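For reference, the structure is listed below as structure tokens.
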Amino acid sequence: MNLFEQYPVSITNSLSGSKELFTPINPPFVGLYSCGPTVYNEVHLGNLRTFTAFDVVFRYLTHIGYKVRYVRNITDAGHLTNDAGEGVDRIEERAKLERLEPMEVVQKYTYGFHEVCRIFNILPPSVEPTATGHIVEQIEMVKKILENGFAYEKNGSVYFDVRKFMEKHKYGELSGRNIDDLLEGTRELDAQEEKKNSVDFAIWKAVTPSHIQRWPSPWGDGIPGWHLECSAMGTKYLGKEFDIHGGGMDLKFPHHECEIAQSVGAYGHAPVRYWMHSNMLTVNGEKMSKSKGNSFLPRELFAGEHPLLDKAYSPMSVRFFMLQSHYSSTLDFSNEALGAAEKGYRKLSAALASIKDMVYPTAAVINQELKDEIIRLTADCYRTMSDDFNTAKTLAVLFEMASRINDFKSGNTPIGSVDALTFEKLKATFIGMMEDVLGLVEDKTTNNDLLEGTINVLIELRKKVRADRNYALSDKIRDDLQAIGVQLKDGKGGEISYTIEL
RNA sequence: GGUUCCGUGGCCGAGUGGCUAGGCUGAGCUCUGCAAAAGCUCCUACAGCGGUUCGAAUCCGCUCGGAACCUCCA
């Protein structure tokens, strides 16, 4: 029996607003799409929260046996600063600012994004398509929409005709928007406006020859509309209908609403079964965003170089911090919260290191109560993750497991008081949940053989003087090491371990 | 103005009708030569006011407060 059959997944579907049992179109295959970054500048921590959320979705679905094809795009063309069409092209704008070619901008920030993902242990998706690599597909889609009568051309641009679309289909279902009100409220279009209605949106946008990023099309040189790329690439790699589409809450309208309309306009049916939206990272209760100027960059975090940060925080502490709340809730970013997360994460990380080294000895007297508890905890991990990817609850379970692991480590409880099967289940589940599902690997504070060797020399020395009951000297060794960030810990059997805290 | 969401103990943050979430902080105890780590115990809250119910943080209404989207943002 597959894990996904044993622990059926439920997902809060933005379309219905309620939690639904997840049934893939073609099990065990799952098509997952999430909106990636527009690579016109550095990603900040708010962006990262969303990527982390869907990274965990990808990891968990894979972990429980689904064959997931995860598509996350790179937007490297067509993203204007507003929909109306008079907006500035983000990438062109940045290129002018940095005196680079647009593709240099794209390259620079794409690499930067990948580097940040690596640092935060966000897995690469199965396919990472770019808008510039799929101009042909996007043009084909525009053609289809035009053929079906849901778009019109004006001065070399093509706009999606929302009002026409609404004669046959619904628009605004995802975001719960009443478009009649929108149409009413914004009737006044200025004379320059090419759109028939303000709710119409560009699916192909004409640009002037001075625009470096531009492609030929049946309607003249231009760029694809921003909303279109996700529809075109999602369709190409996942099909005309696929299972899950995710993204940040702020993309729900208009971006995702437009995606739905385009796909329906082109193929006659809705593209996605389950829509998932991750909530915003906030600072003092307000959304973290570039335009508000309250965003934090990953490198500022690691260096502790930000006016609002007391110190540096490790990538895994931050990942843990994000996973401690549910993806659908806002999460407030602060020094206090981050500091608490760092300590909590260290505790789990230490338990992870401990259990990795543990081997089952011979069975002793079996403690049935403990055995039952451990079995329950291992199942709880899956139950909570299958319950709409509740990482916060799962971490709570992992903390309970960590306490049992520490009992084993300290010798409070002999490992043999549970049977070998139970112990192996605890070990596999804890490691699997931490590393594979949540992506919380051990913080690599030490990967230096020389340092490790040197500390071990001092540890051996301290063991000797302790055996000689020369506590003055043994304390000095410990205190001096602690002063530079190396904490020695005396075990019960006389063994000494250490942790490095910078 | 329209649409939607939220308000949980010192702090962060789960929780969708009945069972102590969890983490951090603080206090105490155990272990330890002393520490550290670890284990255990304690501090038991749901913005306010009404209502439904045998029973509500959880459902409904109102009030107050905060936020997001409606213009680019994950």
Side-chain angles (χ1 to χ4, degrees), chain A residues 17-19 34-38 40 43-54 79-84 87-88 90 172 175-178 181-182 184-186 198-199 226 246-255 277-282 285-292 295 320-321 324-326 328-334 336-348 350-351 354 380 384 387 390-400 402-407 409-413 466 469 471-472 474-475 478-479 482 487-492 496-499:
Chain A
S18 56
K19 220 182 270 183
S34 87
C35 293
T38 300
Y40 71 105
V43 290
H44 62 73
L45 287 162
N47 303 338
L48 232 38
R49 186 188 185 200
T50 299
F51 302 137
T52 303
F54 291 103
H79 199 161
L80 305 178
T81 49
N82 81 34
D83 240 12
V88 187
R90 290 182 176 289
S175 55
R177 229 145 281 249
N178 184 343
D181 288 349
L182 271 175
E184 286 290 315
T186 52
S198 60
V199 285
W226 174 44
M249 202 81 112
D250 48 0
L251 297 184
K252 203 170 180 180
F253 187 91
H255 187 57
H277 289 97
S278 62
N279 217 320
M280 300 293 107
L281 187 64
T282 61
E286 286 200 329
K287 175 180 174 180
M288 180 184 287
S289 69
K290 284 162 193 164
S291 53
K292 282 206 168 111
S295 63
F320 172 89
F321 165 71
Q324 246 190 330
S325 76
H326 191 249
S328 66
S329 303
T330 56
L331 173 63
D332 204 57
F333 189 81
S334 70
E336 295 72 29
L338 229 41
E342 183 176 56
K343 290 192 177 173
Y345 167 67
R346 275 194 189 145
K347 195 168 173 179
L348 284 186
S354 299
D380 277 351
T384 54
D387 183 10
N390 197 325
T391 54
K393 251 182 168 175
T394 304
L395 282 171
V397 178
L398 290 177
F399 272 105
E400 291 187 51
S403 290
R404 302 291 73 80
I405 290 167
N406 289 332
D407 276 333
K409 171 127 196 277
S410 67
N412 285 349
T413 312
R466 277 188 82 205
R469 302 193 146 266
Y471 293 123
S474 75
D475 285 356
R478 186 177 64 198
D479 295 346
Q482 187 179 12
Q487 176 70 58
L488 297 188
K489 296 167 186 174
D490 299 339
K492 276 201 174 124
I496 301 175
S497 61
Y498 70 92
T499 54

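Note that this is a predicted model, so its numbers are computed, not measured. Values below: every heavy atom of this structure, side chains too, minus hydrogens, waters and symmetry copies. In what follows, every chain begins at residue 1, and chains take the letters A, B, ... in the order their sequences are listed.
Residue contacts for A:Asp479: at a heavy-atom cut-off of 4.0 Å it reaches no nucleic acid atom on any strand shown. Contact annotation for A:Leu331: backbone-only contact, meaning every heavy-atom pair under 4.0 Å involves sugar-phosphate atoms and none involves a base. Using a 4.0 Å heavy-atom criterion, one finds that A:Gly46 contacts the bases of the nucleic acid, with or without backbone contacts as well. Across all strands, A:Met249 comes closer than 4.0 Å to no nucleic acid atom at all (heavy-atom distances). Looking at heavy-atom distances under 4.0 Å, A:Ser474 makes contact with a base.
With both ends at atom C1', the span from B:G28 to B:C69 equals 50 Å, rounded to whole Å. Nucleotides B:U8 and B:G66 are separated by 15 Å at their C1' atoms, to the nearest Å. With both ends at atom P, the span from B:C62 to B:G2 equals 14 Å, rounded to whole Å. Going from the C1' atom of B:C64 to that of B:C54 covers 32 Å, rounded to whole Å. Using P as the reference atom, B:G39 and B:U44 are 23 Å apart when rounded to the nearest Å. Only the C1' atoms considered, B:A35 is 15 Å distant from B:U30, to the nearest whole Å. Taking atom C1' on both nucleotides, B:A37 is separated from B:U4 by 47 Å, rounded to a whole Å. Only the C1' atoms considered, B:A14 is 31 Å distant from B:C70, to the nearest whole Å.
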Verdict with reasoning, A:Met249 to A:Thr330, per side-chain contact (heavy atoms from CB on, under 4.5 Å): CA-CA 10 Å; A:Met249 202 81 112; A:Thr330 56; over 6 Å; no

side-chain contact (heavy atoms from CB on, under 4.5 Å) assessment of A:Asp250 paired with A:Lys287: CA-CA 10 Å; A:Asp250 48 0; A:Lys287 175 180 174 180; 3.1 Å; yes

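When rounded to the nearest whole Å, the span between CZ of A:Phe333 and P of B:G13 equals 12 Å. To the nearest angstrom, P of B:A74 lies 7 Å from NE2 of A:His44. Straight-line distance from the NZ atom of A:Lys19 to the C1' atom of B:U58: 13 Å, rounded to whole Å. Taking atom CZ of A:Arg177 as the reference point, atom C1' of B:G1 lies 14 Å away to the nearest angstrom. With rounding to whole Å, A:Gln482 atom CD is found 13 Å from B:C34 atom C1'. In this structure, CG of A:Asn412 is placed 13 Å from P of B:U41, rounded to the nearest angstrom. Between A:Lys409 atom NZ and B:A36 atom C1' the separation is 12 Å, expressed in whole Å.
Of all the heavy atoms in A:Ala351 and A:Ile405, the pair that sits closest is O-CG2, 3.7 Å. The shortest heavy-atom contact between A:Phe333 and A:Leu338 is CZ-CD2, 3.7 Å. When all heavy atoms of A:Ala337 and A:Phe321 are compared, the pair lying nearest together is CB-CE1, 3.6 Å.
Listed by chain and residue number, nothing satisfies the side-chain hydrogen bond (donor to acceptor under 3.5 Å, both in side chains) test with A:Lys343 (two or more places apart in sequence, or in another chain). Residues satisfying the side-chain hydrogen bond (donor to acceptor under 3.5 Å, both in side chains) test with A:Ser295, not counting sequence neighbours, are none. Listed by chain and number, the residues in a side chain to side chain contact (heavy atoms under 4.5 Å, CB included) with A:Ser328 are A:His326 (sequence neighbours excluded). Partners of A:Lys393 according to the side-chain hydrogen bond (donor to acceptor under 3.5 Å, both in side chains) rule, which considers only residues two or more places apart in sequence or in another chain, do not exist here.
Put simply, the side chain of A:Asp332 and the base of B:G13 share no donor and acceptor less than 3.5 Å apart. Residue-to-nucleotide contacts include a donor-acceptor pair under 3.5 Å from the side chain of A:Arg478 to the base of B:A35.
Using a 30° and 60° split on the angle between ring planes, A:Tyr345 and A:Phe320 fall in the tilted class, from 30° to 60°.
Close to B:U4, at under 4.0 Å from its OP1 or OP2, lies no side-chain N or O of A:Lys252. Residue A:Arg404 has a polar side-chain atom (N or O) positioned under 4.0 Å from OP1 or OP2 of B:C40. The phosphate of B:C12 (OP1 or OP2) has no side-chain N or O of A:Ser334 nearer than 4.0 angstrom. Distances shown here put a side-chain N or O of A:Asn406 below 4.0 Å from the OP1 or OP2 atom of B:G39.
Closest approach to the A:Lys287 side chain among B:C69, B:A21, B:C34 is made by B:C69 (side chain taken as heavy atoms from C-beta onward). Relative to the side chain of A:Lys292, the nucleotides B:A68, B:C34, B:A74 differ in distance, and B:A68 lies closest.
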Output a table of nitrogen or oxygen pairs between the protein and nucleotides 23-32 of chain B separated by less than 3.5 Å.
{"unit_1": "B:U25", "atom_1": "OP1", "unit_2": "A:Lys343", "atom_2": "NZ", "d": "2.9"}

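When base pairs are accepted only as Watson-Crick or G-U wobble with both N-N or N-O distances under 3.5 Å, RNA chain B takes part in stems of 3 or more pairs at B:1-7 with B:64-70, B:10-12 with B:22-24, B:26-30 with B:38-42, B:47-51 with B:59-63.
Each of A:Ala402 and A:Lys393 has a nearest nucleotide on RNA chain B; the 5'-most of these lies closest to A:Lys393.
Here the side chain of A:Thr282 pairs a donor or acceptor atom with the backbone of A:Leu331 at under 3.5 angstrom.
Evaluation of A:Tyr471 against the base of B:G33 yields a stacking contact (centre distance < 5.5 Å, interplanar angle < 30°).
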